[in-house]
Amino acid sequence: MTSQTDFGQATVKLSKEDKDGTLHERTIPIEGYTVFEVAAALNCSEQYVYDLIWTDQLAHFRIGKNSRMIRVLPEVLRSFVKEQGGADG
């Protein structure tokens, strides 16, 4: 289960129950922008972001095995924008 917090910062909540029934929960932050957030930052459609990812123009990672949850690291997005001439230094 993931929940969105701040822009570029999602969390995954993990729960595990001990043999004695004690429930242990922890929340793990996942740094990276969602496709929606990247599209908003680039002022483009989500489909365009997917096209960039599928054509290896924008590096990304997936969360979990066989996951559809795609994230783009902030430094990757900054580098992409810089290479496209969209930001100064």
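Values below: all heavy atoms of this structure, side chains included; hydrogens, waters and symmetry mates excluded.
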Look at the side chain of E37 and the backbone N and O of T34, then say whether any donor-acceptor pair between them is shorter than 3.5 Å. yes
Rounding to 0.5 Å, atoms CD1 (I70) and CD1 (I63) come to a distance of 10.0 Å
Non-hydrogen side-chain atoms of V49 and F36 separated by less than 4.5 Å: no
Apply side chain to side chain donor-acceptor pair (under 3.5 Å) to residues S45 and Q47 and explain how you reach the verdict. CA-CA 5 Å; S45 69; Q47 185 58 53; over 6 Å; no
Nearest-0.5 Å distance that lies between atom CZ in R62 and atom CZ in R71: 11.5 Å
Quick check for you: to the nearest 0.5 Å, what is the distance between F61 atom CZ and I53 atom CD1? 11.0 Å
Value for CG (L58) from CG (D51), rounded to nearest 0.5 Å, stands at 11.5 Å
Going from NE2 on H24 to CD on E17, what distance comes out if it is rounded to the nearest 0.5 angstrom? 9.0 Å
Any chance you could measure H60, atom NE2, to W54, atom CH2, to the nearest 0.5 Å? 10.0 Å
For a quick test of reading the model, state the closest non-hydrogen atom pair linking V76 to A59 and the distance between them. CG1-O, 3.6 Å
Quick one: does S79's side chain have a donor or acceptor within less than 3.5 Å of a partner on E75's backbone? no
Just by distance, do the side chain of D18 and the backbone of D20 share a donor-acceptor pair under 3.5 Å? no
